[in-house]
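All ligand and atom numbering here is 1-based and tracks the order in the structure.
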Amino acid sequence: MARIIGNLFTSHVPAIGGAIAKGREQEAYWKPFFDAFPPVRRWVAETRPDIAVVFYNDHGLNFFLDKMPTFAVGAAPAYRNADEGWGLPPYAPFEGAEDLSWHLVESLVAEDFDIVTCQEMLVDHAFTLPMKLLWPDQAWPVKVVPICLNTVLFPLPSARRCWQLGQAVGRAIAAWENDARVLVLGTGGLSHQLEGERAGHINAGFDKRFLDSLVDQPAWATQFDIQALVREVGTQGIELLNWLAARGTLGAQPAQQLHRTYHIPISNTAAAVQLLVPA
Ligand code: DHB
Ligand code: FE
């Protein structure tokens, strides 16, 4: 059976891509964030995942305001990145793990999740930057399955439903007759708000409580409704739903934390990186 080897969570602020393109990783502003990655990359090189399942949110590249699925699962042979207007160089295309995609699609629909299945899908910075942070040379050694959550256009899925989605994905991977080693990524967050009167809002207390919860009390955030979560972490900080769903794949039991970085600010965002493995 396939096996989930860990969860890697990271912020996906577009400016990270700009810093990489300009070789600024060691500058004082950037170093505290980029220093998270050498140990994480060593762990990834040692554990050799075959497939990356990536929980992320699209920001208007593939889905726009006219058509916004609550949950979308990629089932494409390949996924292209394209210019979103951030001035970042598009990264190399990603090969899809089509067999796992279709297994997940069938399993999720059988479990009553009304997902959208995408046989064509562009992937934006929320997908590409975490991949680039793990594999800087863009010779992607893994096939991918993108799972896109709507965190951008109300109404948003509840934390409870995102957690349930992740648990269902975890069960489906565990039941997949394949010896693949699967790394599950969750991207975005933590607290940030890019617009309105509260632009610049950051909530380190809540972020740290959330990071703690992912280790040994992973359903903790499901007690909050969306309005309460947005109040705490901001209108874009709600991207933490991607982390919560990804953590669901490891189930309700405690995990072991191999790495954690929390740093304020990167652009407008409280930036965090966390690596968890099954305990
Ligand atoms: C920023 C953060 C994001 O998550 C995003 O998608 C775009 C911009 C920022 O802090 O600049
Ligand atoms: Fe974002």
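Inclusion of H192 in the first shell of the Fe ion (ligand 2) is not supported: no N, O or S atom falls under 2.8 Å. In summary, H59 places an N/O/S atom under 2.8 Å from the Fe ion (ligand 2), meeting the contact criterion.
Atom OH of Y29 has more than 12 heavy atoms from other residues, nucleotides or ligands within 6.0 Å.
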For salt bridge (Lys or Arg N to Asp or Glu O under 4.0 Å), just list the numbers for E111 and R171, CA-CA rounded to whole Å, side-chain angles, deciding distance to a tenth of an Å, and then say yes or no. CA-CA 11 Å; E111 286 207 37; R171 280 192 296 275; 2.7 Å; yes
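Taking the six-membered ring where tryptophan is involved, the planes of Y79 and F127 are tilted, since the angle between them lies from 30° to 60°. Below 30°, between 30° and 60°, or above 60°: for H103 and W176 the angle between ring planes is below 30°, a parallel geometry.
Geometrically, R161 engages F113 in a cation-pi contact, judged by NZ or CZ lying under 6.0 Å from the ring centre and within 45° of the ring axis.
Legend: ring pair (Phe, Tyr, Trp, His ring centres under 6.0 Å) pairs involving residues 177-221, not counting sequence neighbours, sorted by first then second residue: F206-W220, F206-F224, W220-F224.
Within 4.0 Å of ligand 1, heavy atoms belong to protein residues H12, V13, P14, H59, W86, H125, H192, L194, E239, S267, N268, T269.
Taking a cutoff of 4.0 Å between a charged side-chain nitrogen and a carboxylate oxygen, R260 and D212 qualify as a salt bridge.
Note on E239: its N/O/S atom closest to the Fe ion (ligand 2) is OE2.
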